[in-house]
Amino acid sequence: MARLSPDNLTHALEIVGRYPMAKSAMIPLLHLAQEQDGYVTDDAMEHIAELVGTTPAQVLGTCSFYEMFKREPVGTYLVNICTNISCQIMGGEELLHHAEQKLGVKAGGTTPDGTFTLEDVECIAACTEAPCLQVNYRYRHKITIDEFDALVDDLRGGKLAAQIPPHGTLAKVRQHIPADRAAGTADPAGVPEPVWLAKNAEGAER
Amino acid sequence: MAVTEVPKIITSRFADPEGHTLARYEATGGYEGLKAALAKKPAAVIEEVKSASLLGRGGAGFPAGVKWGFCPPGVFPRYLVVNGDESEPGTYKDRLLMERDPHQLIEGALIACYAVGCSQAFLYVRGEMAFAQERIAQALNDAYAAGYVGKDILGTDFSVDIVLHWGAGAYIVGEETALIESLEGNRGMPRLKPPFFPAAKGLYLQPTIVNNVETLANLPWIARNGGAAFAALGAENSKGTRMFAVSGHVRNPGVFEVEFGVTTFRDLLYAPVYGGGIRNGNELKAFIPGGASAPWLYPEHLDVPLEAATVGKLGTMLGSGAIVVFDETTDMVKACLRLVRFFARESCGKCTPCREGTSWLEKILERIVDGHGRPEDLDLLLDVCDNISVGMNWPPKQTTICPLGQSATTPVASAIMRFQNEFEAYIGAPSEITVEVKGPAFVGPVVAREQVTADA
């Protein structure tokens with residue numbers, strides 16, 4: 001499995017170019033690799049190390065720290081049920097138990113057909129809409145047991161494919177800084193006082 | 001009830017389904033604050049923000065204008081880092097601000113960059129918030145095309161790129177030095193302060209301002225209307241308005257922008273326009289006033305205003321504006337376990353008291369909930385807490401690089417000091433507590449023990 005494809009490499013280089021230090025692009029590039037393959041492969045980590053000028057071990061170090069990066073395949077749909085405090089007291093744990101029954105896997109497990117991975121997650125910032133969940137990081141608020149069952153059926157039936165891309169794809173809209181509008185990166189070793197600040201300093205003429 | 005009528009400073013476009021677009025933003029006063037700021041000297045913009053007394057809305061509540069002043073003179077480049085890594089349990093406001101009014105945040109970031117002299121800005125959005133990332137990416141693309149961001153902004157010599165960056169799932173990255181580590185491509189582990197105060201040695205060891213999303217979202221209004229108009233709202237040190245998420249056992253959970261410093265907890269929980277009272281006519285048992293890290297408050301505190309210093313004197317905090325309401329049916333032992341489990345999972349592992357302490361707290365609490373607790377466990381729990389957060393004072397004494405470990409002790413101390421008998425019901429025997437807990441919220445008025453019952 002795979003280094004970044006030519007298209008993704010082009011995009012990766014654009015991302016790297018936005019930062020004064022290439023290593024800052026590490027997390028966005030790991031997301032790009034996960035978008036390409038559904039999880040982060042060893043080959044992709046090696047490729048990222050080349051692109052940001054570090055070692056594969058450093059990339060693995062960063063990758064393994066963050067919850068969202070998966071280093072082995074997961075289901076097409078990652079179902080993350082929040083059981084943190086606001087959801088817990090509004091039925092989040094019951095929802096998780098129901099999901100375990102419905103999908104036939106424990107939290108952390110993947111269904112044998114590779115469609116769903118179920119996770120018991122920490123607060124996802126929808127506390128007033130408890131209990132809540134995310135499917136591939138798309139929210140579902142105030143979800144009942146019946147709504148959960150319908151959601152699973154819809155996902156299995158491919159009815160939500162337009163709304164919810166396969167695991168790995170986060171934002172479908174990407175930032176693009178046009179070359180003629182770019183102010184440029186600020187090299188930590190080589191940028192003087194900004195002109196607008198210098199000329200407006202104490203005593204300077206406006 | 002003191003539900004005051006105040007202008008919506010940061011949520012004015014929330015009801016507008018097109019409020020996130022550049023066209024609607026411009027039609028409703030958008031980027032006027034930037035124009036007003038650019039007509040002034042940067043130092044005058046800092047003075048305007050200082051006169052607003054805008055307290056940081058991320059959790060620590062430090063005055064934003066003062067924080068900007070900590071950059072050492074003559075050291076460049078400076079960076080702005082926008083903290084959009086909202087993940088404190090109970091907190092739900094920055095995601096709304098990013099999804100529903102992304103241009104307001106971009107404009108706020110631009111005003112900060114102009115005032116402080118930042119040569120580049122990074123907008124760090126929590127990884128799990130795909131929709132917020134999309135909305136901000138689109139808004140940035142449109143703002144670049146319209147000349148609001150990038151080179152020679154609005155025809156002036158003010159130039160700055162705003163780079164959308166996104167995380168990958170780690171609560172600790174909301175801590176500003178961990179956020180900087182993460183932005184440098186590393187594991188999100190906090191840095192020691194001193195020397196790594198971001199304003200002095202932040203991103204790439206250069207002066208860096210780290211501001212919360214809600215903090216920056218206030219700047220366009222302040223730039224348009226003046227710091228004095230902002231400071232005319234609120235009370236004491238808590239000026240302007242503030243967003244609070246009221247979740248849990250209220251009839252009408254929601255996120256409300258209210259007058260800061262004046263509105264009380266009772267208003268927020270009971271007023272029909274806010275929380276609407278406790279569900280099913282139940283009794284209020286306790287509430288978390290400022291996110292999972294904050295010591296709990298109780299019904300006798302309802303008439304306290306949402307004012308930072310006043311709440312601080314009670315031995316807790318308004319933190320990230322997250323109020324979680326527990327009614328009489330809540331199992332406080334299980335709630336305590338769930339909060340502790342969160343901190344144990346999210347500890348980065350750098351400092352021993354936090355790494356070891358949080359996981360031991362979780363194991364002991366799990367044993368109690370599973371019916372294998374021992375009478376001496378409550379004292380043991382508090383002893384572990386005392387080793388992470390000496391005396392469980394408020395504000396906590398630092399034994400670790402960042403406050404995550406100390407935060408894990410607050411639900412334990414809160415629950416045991418107030419609901420000791422619920423723990424004893426699980427254990428099946430009375431217990432004796434010898435560890436001294438000093439924070440005022442933990443040792444506040446104690447309910448007679450027979451009044452409290454454990455509801456499984």
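Reminder, nothing fancy here: chain letters follow the sequence lines and each chain counts from 1.
Listed by chain and number, the residues in a side chain to side chain contact (heavy atoms under 4.5 Å, CB included) with A:N136 are A:Y77, A:L78, A:I164, A:H167 (sequence neighbours excluded). In terms of the side chain to side chain contact (heavy atoms under 4.5 Å, CB included) criterion, residue partners of A:S86 (sequence neighbours excluded) are, by chain and number, A:C127, B:S247, B:V324.
With a 4.5 Å cut-off on non-hydrogen atoms, B:A292 does not touch chain A at all. Residue B:A115 touches chain A through its backbone alone, counting heavy-atom pairs closer than 4.5 Å. The part of B:R95 that comes within reach of chain A is its side chain, from C-beta onward, which places non-hydrogen atoms under 4.5 angstrom from that chain. At a 4.5 Å heavy-atom cutoff, the contact between B:I172 and chain A is made by side-chain atoms alone.
For the pair A:R181 and B:D152, the salt-bridge criterion is not met [side-chain N within less than 4.0 Å of a carboxylate O].
Within residues 47-63 of chain A, the residues having any heavy atom less than 4.5 Å from a heavy atom of chain B are, in residue-number order, A:G61, A:T62. For a heavy-atom cut-off of 4.5 Å, chain B lies close to A:A183, A:G184, A:T185, A:A186, A:D187, A:P188, A:V191 in residues 183-191 of chain A.
B:R126 and A:Y137 share no donor-acceptor pair across their side chains, judged by distance under 3.5 Å alone.
Contact count versus chain A (heavy atoms, under 4.5 Å) is highest, among B:E88, B:R279, B:M129, B:H165, for B:H165. The most heavy-atom pairs under 4.5 Å with chain A, out of B:Y79, B:Y171, B:F131, come from B:Y79.
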